Engineer: 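Here it is: the structure, laid out below.
The structure presented is a predicted model; accordingly, all values stated were derived computationally and were not measured. Side chains are part of it too, since the values below use all heavy atoms of this structure and drop only hydrogens, waters and symmetry mates.
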Amino acid sequence: MIAKYRLLALDMDGTLLNDEQIVTPKTVQWIQKAVDAGVHVCLSTGRSFITALPYAEQLGLETPMVTVNGSEVWRAPHELYRRSLMDPVLVKRMYDLARHYDIWFWAYSTEAVHKQANWDGETEGREWLKFGYHTEDDEIRHQLLLQLQDMGGLEITNSSPYNLEINPQGVNKAAGIKEVCQLLGINMSEVVAVGDSLNDLAVIQQAGLGVAMGNAQDTVKQEADQIVASNNEDGIAEVIQKYILNEVQASAGGLTGN
């Protein structure tokens, strides 16, 4: 017996995790039920591998992972499959923009997260994965977006309404999940993708079933096939119960003639 959906791709912040950065016991329980039913559960996150790993371990997942918005795809925890790097020249230009606008920034290299407090100015010689900005000033964020678009070669999304996240062009969670599908021998039509922000938009659009959390940004809700409860109300448990395990149960009922 094979479920209609064979892969559950989960964003973390604002989706799998509640606002206290916890996976609730109810969500853990339903994820385990999905795994027991033969569904692959894949963390698909803007986080670095090192900050996503503890949650994968908590859930007992040994499946592929997509980290840093798709800049890294892991065949299994600790087993890197593919990594996409950002041009250090573009990283330097993005840093200069952060200084120009005097706004909070961060950058992920393969070795660390670099912020104001630990930025040493060295961009060459490092392997860069992602750059990010945070500002609640809508006008600054808009101007920043226009300048980033003019640079070219960038994939621009967000993980909250107040930030911008930048990866190399063509690098996103959808591309990462497609690679995971190849590793697992399944199709995108067999994927349920769940998220809340613009860095989830492409995979929600391209998955067999795209699901927006109740707390998702409006654009994500508009593009999703279904909307569930918020991250503080066990929305992931609802996804599994309604849209994954009910398919298994329906299939089992059909096989037994019930």
Side-chain angles (χ1 to χ4, degrees), residues 5 7-17 19 41-48 52 64-73 82 84 86 94 106 108 129-136 138 141-142 144-149 151-182 186-232 235-236 238-239 243-244:
Y5 297 115
L7 173 64
L8 175 60
L10 295 177
D11 171 53
M12 293 182 62
D13 295 279
T15 300
L16 173 66
L17 309 182
D19 288 351
V41 177
C42 172
L43 299 184
S44 175
T45 179
R47 286 181 174 230
S48 66
M65 296 171 62
V66 175
T67 56
V68 206
N69 287 341
S71 279
E72 293 177 333
V73 174
R82 193 265 304 152
S84 297
M86 185 171 282
M94 287 186 278
W106 66 96
Y108 283 15
L129 299 169
K130 183 177 79 167
F131 201 98
Y133 302 94
H134 178 94
T135 175
E136 296 187 15
D138 293 343
R141 201 167 53 256
H142 177 65
L144 188 58
L145 176 60
L146 294 177
Q147 292 185 60
L148 290 168
Q149 289 171 336
M151 279 189 199
L154 302 174
E155 189 90 4
I156 306 167
T157 61
N158 74 23
S159 59
S160 91
Y162 302 114
N163 75 24
L164 294 171
E165 297 204 344
I166 301 97
N167 291 77
Q169 191 166 38
V171 171
N172 54 50
K173 292 183 181 182
I177 291 298
K178 284 179 181 176
E179 289 180 273
V180 169
C181 286
Q182 291 170 1
I186 63 177
N187 299 314
M188 282 292 281
S189 61
E190 299 174 285
V191 175
V192 177
V194 195
D196 71 308
S197 297
L198 295 187
N199 62 352
D200 302 303
L201 187 59
V203 71
I204 283 174
Q205 290 170 325
Q206 295 178 41
L209 183 72
V211 182
M213 301 296 288
N215 52 289
Q217 295 174 41
D218 287 343
T219 302
V220 179
K221 288 181 176 178
Q222 290 163 9
E223 292 295 317
D225 300 306
Q226 302 290 343
I227 301 171
V228 294
S230 77
N231 64 315
N232 291 320
I236 295 305
E238 182 182 345
V239 172
Y243 303 113
I244 296 178

Engineer: Show the nearest heavy-atom pair for residues Asp196 and Val220, with the distance to one decimal.
Structural biologist: O-CG2, 3.9 Å
Engineer: Residues in side chain to side chain donor-acceptor pair (under 3.5 Å) with Asn172, at least two apart?
Structural biologist: Glu155
Engineer: In terms of side-chain heavy atoms, does Ser44 have a donor or acceptor partner in Asp11 at a distance below 3.5 Å?
Structural biologist: no
Engineer: Pick one: which of Thr45, Asp200, Thr157 meets side chain to side chain donor-acceptor pair (under 3.5 Å) with Lys173?
Structural biologist: Asp200
Engineer: Excluding sequence neighbours, so at least two apart, what forms side chain to side chain donor-acceptor pair (under 3.5 Å) with Asp218?
Structural biologist: none
Engineer: Hey, which of Tyr108, Trp106, Phe131 is the one that makes side-chain contact (heavy atoms from CB on, under 4.5 Å) with Glu165?
Structural biologist: Trp106
Engineer: Got a sec, which residues hit salt bridge (charged side-chain N to carboxylate O under 4.0 Å, His left out) with Glu179, two or more places apart in sequence or on another chain?
Structural biologist: Arg82
Engineer: Anything under 3.5 Å between a donor and an acceptor, one on a side chain of residues 209-217, the other on a protein residue two or more places apart or in another chain? List them.
Structural biologist:
| unit_1 | atom_1 | unit_2 | atom_2 | d |
| --- | --- | --- | --- | --- |
| Asn215 | OD1 | Asn231 | N | 2.9 |
| Asn215 | ND2 | Gly14 | O | 2.9 |
| Asn215 | ND2 | Asn231 | OD1 | 3.4 |
| Gln217 | OE1 | Asn158 | ND2 | 3.2 |
| Gln217 | NE2 | Asn158 | OD1 | 2.9 |
| Gln217 | NE2 | Ser197 | OG | 3.3 |

Engineer: Under the rule for salt bridge (charged side-chain N to carboxylate O under 4.0 Å, His left out), what residues qualify as partners of Glu238, not counting sequence neighbours?
Structural biologist: Lys242
Engineer: Going by side chain to side chain donor-acceptor pair (under 3.5 Å), name the residues that satisfy it together with Arg47, two or more places apart in sequence or in a different chain.
Structural biologist: Asp13, Gln21
Engineer: Taking all non-hydrogen atoms of both residues into account, name the closest pair between Met65 and Ala52 and its distance.
Structural biologist: CE-CB, 3.8 Å
Engineer: Using every non-hydrogen atom in the two residues, find where Ala193 and Ala207 come nearest and quote the distance to one decimal.
Structural biologist: CB-CB, 3.7 Å
